[in-house]
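For reference, the structure is listed below as structure tokens.
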There are 2 protein chains.
Amino acid sequence: MGRVTAQVLAAVSSPRRQEILRLVWRDELAAGELSAAMPDVSFGAVSLQLKVLLEAGLVERRVDGQRRLYRARPEALGAVGAALERMWDDALWKLTLAAELAESRRGPRRRARQTSRPTSSRSTR
Amino acid sequence: MGRVTAQVLAAVSSPRRQEILRLVWRDELAAGELSAAMPDVSFGAVSLQLKVLLEAGLVERRVDGQRRLYRARPEALGAVGAALERMWDDALWKLTLAAELAESRRGPRRRARQTSRPTSSRSTR
DNA sequence: TCGGTATTTTAGTTTCATCTAAAGTGGGCC
DNA sequence: GGCCCACTTTAGATGAAACTAAAATACCGA
């Protein structure tokens, strides 16, 4: 099991990054697919959070053509990963997720999407 | 075992609060004794962090005369608590703590201590 | 080489956690 | 009451995290 360091705790403490981890916990997703699943933040913001997670060793990246596929590394999270899974299974958690994300917002409030939605690319690969 | 919520993760993610938790992990300490053990922050700052930990259920408070004794609640942290203990045992952690505390500082930089050091009160109780 | 798509990085903005200093609260003792 | 002591809370300051929009980079196919 991976060692839980202060860096790991810091990376996992952000609701936004928890959301990303949940989305790539079992299956890998392209950065754009992740971004599409989180309509309230820009692609750039997602990419920056992925970088944080990558540097903490909490996700791994695989190149596929022009796409970058991300997948969580649960083994890096050890006991904290199990705690996250329990959190996600918890019904109460689902009810409070939106509120927590809203609370955790620090940057400027969103006005419109940066780019037109990624056109559910199915062609590459 | 206590449930690890997003609030709990947020509370343990701060190096300053990790330091506090470590100090009251086994034995209870008065707020002033805690503050004396952390000479680089004011009494007020310690009190505020204790409040955060208290509200997250990670410490408990006991009144003793004019003193407030704090003790960690490891059971509230479940497996994450064990991860913390491992972190504290790690030699590398000790080397990086100071740096992380420095990095995590957000408020104004310290010039002098707010009050004269608590005079190692041994009389009450 | 060119154009399009996918992603990352940069530059600049906003919000909030953390801090300090000082004021406030409350217990204990004379 | 009046004083001191231990602690908490408030008001204000500061810096870093998280964000957006836009520019830069990377890869592919024609």
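Proteins come first, then strands; the chains are lettered A, B, ... in the order of their sequence lines, and each starts at number 1.
- Distance from the side chain of A:R61 is smallest to C:dT8 among C:dC19, D:dT8, C:dT8.
- Put simply, CD on B:E33 is 10 Å from P on D:dA6, counting in whole angstrom units.
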Problem - Step-by-step salt bridge (charged side-chain N to carboxylate O under 4.0 Å, His left out) determination, A:E19 to A:R22 - result: CA-CA 5 Å; A:E19 191 186 12; A:R22 187 175 60 88; 5.0 Å; no
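- Listed nucleotides: D:dA18, C:dT20, D:dC19. Nearest to the side chain of A:S14: D:dA18.
- Of the candidate nucleotides D:dT9, C:dT8, C:dT5, D:dT9 has the atom nearest to the side chain of B:K51.
- A straight line from CZ of B:F43 to C1' of C:dT25 spans 13 Å, rounded to a whole angstrom.
- Look at B:R67 and B:E28 and you find no salt bridge, because none of the NZ, NE, NH1 or NH2 atoms lies under 4.0 Å from a carboxylate O.
- Between B:Y70 atom OH and B:E33 atom CD the span is 12.5 Å, to the nearest 0.5 Å.
- Checking A:G65 against A:V46, the closest nucleotide of DNA chain D that is more toward the 5' end is the one next to A:V46.
- Between the C1' atom of C:dT8 and the CG atom of A:L53 lies a distance of 15 Å, rounded to the nearest Å.
- Whole-Å rounding puts the B:Q66 CD to C:dC29 P distance at 8 Å.
- Between the CG atom of B:L48 and the P atom of C:dA21 there is a distance of 14 Å, given to the nearest Å.
- With D:dC7, D:dA18, C:dT5 as the candidates, the nucleotide lying closest to the side chain of B:A30 is D:dC7.
- Checking the phosphate oxygens (OP1, OP2) of D:dT8, a side-chain nitrogen or oxygen of B:Y70 falls inside 4.0 Å.
- In this structure, A:R67 does not reach the D:dC28 phosphate: none of its side-chain N or O atoms is under 4.0 Å from OP1 or OP2.
- In terms of position on DNA chain D, the residue among A:Q49 and B:A31 whose nearest nucleotide sits closer to the 5' end is B:A31.
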Side-chain donor/acceptor pairs under 3.5 Å, residues 47-57 of chain A, sequence neighbours excluded:
from: A:Q49; atom 1: OE1; to: A:R17; atom 2: NH1; distance (Å): 2.9

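- To the nearest angstrom, P of D:dC7 lies 10 Å from CG of B:L29.
- If you check C:dG26, C:dT9, D:dC19 against the side chain of A:R16, the one that comes closest is D:dC19.
- Taking the side chain of B:R68 as heavy atoms from C-beta on, and the options D:dT8, D:dT9, D:dA6, the nearest nucleotide is D:dT8.
- For the pair B:M38 CE and C:dC19 C1', the computed distance is 13 Å after rounding to whole Å.
- Picking from D:dT8, C:dT8, D:dA18 the nucleotide with the shortest atom distance to the side chain of A:R17 gives D:dA18.
- For A:S47, whose side chain is taken as the heavy atoms from C-beta onward, the closest listed nucleotide among C:dT8, C:dT20, D:dC7 is C:dT8.
- Listed by first then second residue, pairs satisfying ring pair (Phe, Tyr, Trp, His ring centres under 6.0 Å) with a partner in residues 2-26 of chain B read B:W25-B:W88, not counting sequence neighbours.
- In this structure, A:L34 places its CG atom 15 Å from C1' of C:dT8, rounding to the nearest Å.
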